[in-house]
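The block underneath contains the structure these notes are about, expressed in structure tokens.
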Amino acid sequence: MTGVPASAAGGSSRANGAATSPAPGPSGAGPETGSDVTGAAMDEQGTLRPARGAKIAAAAVNQASVWNVANLLTMLRLILVPGFVALMLADGGHDPAWRAFAWAAFAVAMITDLFDGHLARTYNLVTDFGKIADPIADKAIMGAALICLSALGDLPWWVTGVILGRELGITLLRFLVIRYGVIPASRGGKLKTLTQGVAVGMYILALTGWLATLRWWVMAAAVLLTVVTGLDYVRQAIVLRRQGIAERRAASGATQA
């Protein structure tokens with residue numbers, strides 16, 4: 001093993017130990033202080049310690065961790081927002097070809113939304129930047145799509161108001177109760193996000209006939225899920241706040257006692 005004096009090894013391992021161990025000192029009593037190829041340094045007592053250069057390299061890696069694949073996907077969604085708006089409004093906003101390109105940009109943004117959070121949690125790529133930028137990117141692409149559709153007369157403004165009002169309101173609510181705990185994402189919330197994405201995607205495309213009728217029903221389901229899950233988040237926030245206040249009072253009473 002690296003750092004073991006050759007005199008401590010026996011048999012055929014003596015040659016290998018001599019090749020990997022530091023040379024003995026002038027007195028032959030032990031190894032000289034130095035560093036090996038692994039970046040660890042040996043002190044006079046024979047103890048391996050991390051080299052100063054290794055610590056600097058580790059710090060540099062930690063500083064560069066913001067450029068991981070999950071954050072890059074989040075940045076891609078943010079970059080896609082202005083491009084999506086330009087495609088939606090190109091040539092008056094009603095050209096089927098431009099709307100198809102806009103749908104492709106929206107689809108890429110929604111697909112990356114499914115992967116970046118999963119990658120960050122699975123491979124320990126969670127960063128402060130990702131915690132802030134990910135929800136902003138989600139709401140930016142969805143908000144841009146809803147506002148463009150309403151501005152073009154394809155979607156009633158009240159639908160846009162309900163969806164965006166709910167998203168902004170729940171985000172604010174999470175920040176208000178974060179001192180008491182975190183409101184976990186529910187299955188209903190995930191289903192809401194999926195339904196919203198499908199409905200908005202169908203409205204972006206220039207659909208006609210029965211598909212145009214179908215997208216109306218999908219959007220109606222998305223609005224219903226938006227309202228129901230929003231009310232459920234409010235209920236969870238109230239319960240979480242009450243529990244947090246009760247726990248603080250109990251802890252304060254125990255301390256005074």
Side-chain angles (χ1 to χ4, degrees), residues 73-74 76-78 80-81 84-85 87-89 93-96 98-118 121 134-175 177 182-240:
L73 291 176
T74 300
L76 174 63
R77 291 211 310 281
L78 289 170
L80 282 173
V81 173
F84 166 79
V85 173
L87 292 171
M88 275 291 293
L89 302 179
H94 296 285
D95 184 89
W98 287 112
R99 294 286 284 261
F101 286 124
W103 176 87
F106 180 81
V108 170
M110 298 304 294
I111 290 173
T112 57
D113 181 34
L114 298 176
F115 287 103
D116 59 356
H118 174 73
R121 291 187 297 270
D134 183 68
I136 292 176
D138 297 343
K139 292 168 178 58
I141 189 67
M142 182 61 69
L146 291 169
I147 292 174
C148 285
L149 289 171
S150 294
L152 293 172
D154 294 336
L155 188 68
W157 277 105
W158 69 266
V159 174
T160 297
V162 168
I163 294 178
L164 294 184
R166 184 267 189 195
E167 298 301 329
L168 296 176
I170 295 302
T171 300
L172 178 61
L173 189 63
R174 286 178 180 272
F175 280 111
V177 301
V182 177
I183 303 176
S186 63
R187 291 184 178 179
K190 295 178 181 178
L191 179 61
K192 178 269 304 178
T193 301
L194 176 63
T195 308
Q196 282 183 359
V198 173
V200 172
M202 294 180 72
Y203 268 85
I204 292 173
L205 291 172
L207 301 178
T208 58
W210 67 273
L211 288 174
T213 303
L214 176 62
R215 71 182 181 183
W216 187 92
W217 287 105
V218 177
M219 182 60 75
V223 172
L224 179 62
L225 287 171
T226 297
V227 174
V228 171
T229 55
L231 293 175
D232 182 61
Y233 274 118
V234 172
R235 179 192 63 80
Q236 292 186 60
I238 294 174
V239 172
L240 186 63

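Computed over heavy atoms, backbone and side chain alike; hydrogens, waters and symmetry mates excluded. From a predicted model like this one, the values you see are computed outputs, not experimental measurements.
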Side chain to side chain donor-acceptor pair (under 3.5 Å) contacts touching residues 218-231 (sequence neighbours left out):
Arg166-Thr229, Gln196-Thr226
Applying salt bridge (Lys or Arg N to Asp or Glu O under 4.0 Å), which residue pairs with at least one partner in [range] are found, sequence neighbours left out?
{"range": "residues 219-230", "result": "none"}
{"range": "residues 140-157", "result": "Arg99-Asp154"}
{"range": "residues 192-209", "result": "Glu167-Lys192"}
{"range": "residues 215-237", "result": "Asp232-Arg235"}

Closest approach of [X] and [Y], non-hydrogen atoms and distance?
{"X": "Leu207", "Y": "Ala212", "result": "O-CB, 3.8 Å"}
{"X": "Leu173", "Y": "Tyr233", "result": "CD2-O, 3.9 Å"}
{"X": "Val223", "Y": "Trp158", "result": "CG1-CZ3, 4.2 Å"}
{"X": "Ala105", "Y": "Leu80", "result": "O-CD1, 3.8 Å"}
{"X": "Thr171", "Y": "Lys139", "result": "OG1-CE, 2.8 Å"}
{"X": "Pro156", "Y": "Ser150", "result": "O-OG, 3.6 Å"}

Side chains of Val177 and Gln236: closer than 4.5 Å at any heavy-atom pair?
no
Can you check whether Met110 reaches Met142 side chain to side chain, under 4.5 Å on heavy atoms?
yes
Could you tell me the separation between the [atom1] atom of [X] and the [atom2] atom of [Y], rounded to the nearest 0.5 Å?
{"X": "Leu78", "Y": "Thr74", "atom1": "CG", "atom2": "OG1", "value": "7.0 Å"}
{"X": "Asp95", "Y": "Leu89", "atom1": "CG", "atom2": "CG", "value": "12.5 Å"}
{"X": "Thr193", "Y": "Asp138", "atom1": "OG1", "atom2": "CG", "value": "8.0 Å"}

Applying side-chain contact (heavy atoms from CB on, under 4.5 Å), run through Leu152 and Met88 and close with a yes or a no.
CA-CA 9 Å; Leu152 293 172; Met88 275 291 293; 3.9 Å; yes
Which is it for Tyr203 and Trp216 under the side-chain contact (heavy atoms from CB on, under 4.5 Å) test, yes or no, and what are the steps along the way?
CA-CA 9 Å; Tyr203 268 85; Trp216 187 92; 3.8 Å; yes
Mind checking what makes side-chain contact (heavy atoms from CB on, under 4.5 Å) contact with [X], not counting sequence neighbours?
{"X": "Phe101", "result": "Leu87, Trp98"}
{"X": "Ile147", "result": "Trp157, Thr160, Leu164"}
{"X": "Ala145", "result": "Phe84, Phe106, Val200, Ile204"}
{"X": "Val218", "result": "Thr195, Val198, Ala199, Met202, Leu214"}

Identify, with sequence neighbours excluded, every residue that meets side-chain hydrogen bond (donor to acceptor under 3.5 Å, both in side chains) alongside Asp113.
none
